[in-house]
Protein chains: 2
Amino acid sequence: MAAKRASISDIAKELNLAVSTVSRALSGHSRISEATRKRVWKLAEQLNYQPNHLAAALRKGRSNTLGVIVPHIDGHFFALVMKGVEAVANKAGYNVMLCQSNEDYEHEQKNIETLINAQVDGILVSLARTTRDFKHFEKVRKRDIPLVFFDRILEGVDVSAVVLDDYQGGYQSVKHLLDQGCRRIAHFGGPQHLNIYKNRYAGYCQALHDHNIPFEKDLVVFGDMTLEDGIRSMNQLLALPQRPDAVFSASDFSAVGAMQVLKQRKLRIPYDIALSGFSNETFASLTEPMLTSVDQHCEEMGGAAVRLLLEMVQERTKQLSPRKIVLQPQLLPRESSRWRQE
Amino acid sequence: MAAKRASISDIAKELNLAVSTVSRALSGHSRISEATRKRVWKLAEQLNYQPNHLAAALRKGRSNTLGVIVPHIDGHFFALVMKGVEAVANKAGYNVMLCQSNEDYEHEQKNIETLINAQVDGILVSLARTTRDFKHFEKVRKRDIPLVFFDRILEGVDVSAVVLDDYQGGYQSVKHLLDQGCRRIAHFGGPQHLNIYKNRYAGYCQALHDHNIPFEKDLVVFGDMTLEDGIRSMNQLLALPQRPDAVFSASDFSAVGAMQVLKQRKLRIPYDIALSGFSNETFASLTEPMLTSVDQHCEEMGGAAVRLLLEMVQERTKQLSPRKIVLQPQLLPRESSRWRQE
DNA sequence: ATGAAAGCGCTAACAT
DNA sequence: ATGTTAGCGCTTTCAT
């Protein structure tokens, strides 16, 4: 029963060698005779030796584990990011420890503690929507644990991060709507303390400005970007004396909410009102009409974030100054915004 | 810089106590004077002491970490399961290490090694679609690491698992379609070596049988359950001399594929052909018509799986015989299958 | 090329 | 109630 696992010292005893020799043989040290190396490896196989990472980690002070904190894992975006994270991390020999903050600041603080205690070698974070300060990251800094943010970061804080050019995403979306002939373009925006929503909004504003469309305050509605929020916001817009002829939503969910309202009111999409969303959720190509959206290259973002983090982990000595990587978004025009369908 | 972390022995030295005393004070041991306990905690706070879990794990032989292997994390189901897993695990003081097998057998084997090396206290697995044997789990058994499967398990192997009553899900779906007046009900089925698809199919067969509907081989199409597969399968069915009047798909994705074909051919859903899927993906309530589906209580499944696993972890001594927990599915009738809409 | 020995930070058995 | 001590399995310096 209970098969005790073979250790280096077991192998050493069996072969009449010193543990240090066995350790070196196993880790491919150069100053070990070919003969010894072979004997050791053979017995290791036989005994089905598995290295005890915990012990190695304790000794070396590194755990070969990366911690990741995401607001939530349901939904397209973070799931795909995790795919990229995992792929790159595993290839580099690192494990991944996952925490969800549930969009909650307090929870995020706990997550940080958890990861510090687990002795992770580096931390990847995308902020909870309710996070507005940086206190809990001070601990991480103090311990000199490499830290990389992705997607959602706090405005005005100088940290390493991998982000999407949300400004471009917003700009292109609005430009596309303008190209279709829309002139009164509304915007569903998210919490403005988060870079992503702020930048999408900024892109919207700039695109209007560049095309000499006057900005109308009434056409911008802020909310929490859920489907229900989209319903609420759309109804609010339709109650205006003069309704918009397009909506650029900073989220696919609220865009779909708007879509439901429009369909229910028998307004034609895109002819009466065109619609575009953000994130290219799975369902974006399954709605009717299919929803125009912005792809965020999620997997790539995850991969890039890990690569950046590993660089920092491996060159811990040199205090590198914070680096930012900006990925370009890709507009995917679909039926909800295109007047002429191919 | 590089803030060295305070250790128990640091605290002990500072307070002129033995490390064991400090350790006990910190872990709430009963035989420690209130005064000492307070002094220790106070200094611990001051020094911002964080326990070194690695060391504790090495010493105790337990890492307080659970490993989870999922086929993939994108898509509704596993993402929600992970939510449940994480919630329960964290509450019980365990961390979660996540691996994705990418639906690949080889990858799954690697994942197992990874988790064993990481010294996890227990492993949760949902099998890759390409996994057909059990060899790689023998190592886990030999090491006596508690192992719990969820959702996807191998047929005919006696293991602890948390599964959905897929048979019921299939049965109810078909019964519902029959209740709507459908008589020629087709089925899109998945790989039959996986319990979930086999049972959904079995439920389909039994429901037909119970209602005296003859089984027709041509109405059953097996595939890989993707959207494209649904398109292919639907076209295949429409080429039959006599077409079906309903399809029960074992996946929402292939159901949506079918939906696209039907819409394109101007067949009315549900009037010409009714549709029902499985898994209640996010998009199921966003298609037009909204897709009837079966909810799997994903979060609950994740939670139940962890609870079962933790039981095994905590009572490791007593070799419990494998336990199965079966959750009941919930049919969600929507427009794609209902003749009379409320 | 190999060995001896120290120690990572913690817990727990065994004192007192 | 507190102290002493051994050791979890590994890596690494210093010898030889």
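Since this is a predicted model, take the numbers as computed values, not measurements. Residue numbers begin at 1 in each chain, while the letters A, B, ... track the order of the sequences.
- Between the CD atom of B:Gln119 and the C1' atom of D:dG9 there is a distance of 9 Å, given to the nearest Å.
- Taking atom NE2 of residue B:His29 and atom P of nucleotide D:dT2, one finds them 12 Å apart after rounding to whole Å.
- B:Glu34 meets the salt bridge (Lys or Arg N to Asp or Glu O under 4.0 Å) test with B:Arg37; sequence neighbours excluded.
- Applying the 4.0 Å criterion to OP1 and OP2 of D:dT2, one finds that B:Ser33 has a side-chain N or O inside that range.
- Across B:Glu108, B:His136, B:His193, a single residue satisfies side chain to side chain donor-acceptor pair (under 3.5 Å) together with B:Thr131, and that is B:Glu108.
- Summarising the geometry, the separation between CD1 on A:Ile8 and P on D:dT12 is reported as 11 Å, rounded to the nearest angstrom.
- A straight line from CZ of B:Arg5 to P of C:dC8 spans 14 Å, rounded to a whole angstrom.
- A:Asn16 comes within contact range of the sugar-phosphate backbone alone, with a heavy-atom separation under 4.0 Å but no base atom that close.
- Comparing A:Ser20 and A:Leu54 along DNA chain D, the residue whose closest nucleotide (by nearest heavy atom) sits nearer the 5' end is A:Leu54.
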Next item on the list: Check the pair A:Thr65 / A:Gln119 against side-chain contact (heavy atoms from CB on, under 4.5 Å), numbers first and verdict last.
Entry: CA-CA 8 Å; A:Thr65 299; A:Gln119 314 274 111; over 6 Å; no
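- Remark: A:Thr21 is in phosphate contact with C:dG3, judged by side-chain N or O atoms under 4.0 Å from OP1 or OP2.
- No side-chain N or O of B:Tyr49 forms a donor-acceptor pair with one of B:Asp10 less than 3.5 Å apart.
- Across B:Leu80, B:Ile73, B:Val81, a single residue satisfies side chain to side chain contact (heavy atoms under 4.5 Å, CB included) together with B:Phe77, and that is B:Val81.
- Computed from coordinates, the A:Lys13 NZ to D:dG9 C1' distance equals 12 Å when rounded to whole Å.
- Taking side-chain N and O atoms only, A:Ser23 has no distance below 4.0 Å to OP1 or OP2 of D:dC10.
- Spacing between atom CG of A:Asp10 and atom C1' of D:dC10 amounts to 13 Å, rounded to whole angstrom units.
- At a threshold of 4.0 angstrom between heavy atoms, the contacts of B:Leu58 include nucleobase atoms, whether or not backbone atoms are also involved.
- In this structure, A:Asn117 atom CG and C:dC10 atom P are separated by 10 Å, rounded to whole Å.
- Residue side chain B:Arg24 reaches the base of D:dG3 through a donor-acceptor N/O pair under 3.5 Å, judged by distance alone.
- Annotation: of the two residues near DNA chain D, B:Lys60 and B:Leu17, the 5′-most nearest-nucleotide partner is B:Leu17.
- In this entry the distance linking CG of A:Asn64 with C1' of D:dC10 reads 13 Å, nearest Å.
- Checking D:dG9, C:dA1, C:dC10 against the side-chain heavy atoms of A:Ser7 singles out D:dG9 as nearest.
- Phosphate contact (OP1/OP2 of C:dT2, side-chain N/O of A:Thr36, threshold under 4.0 Å): present.
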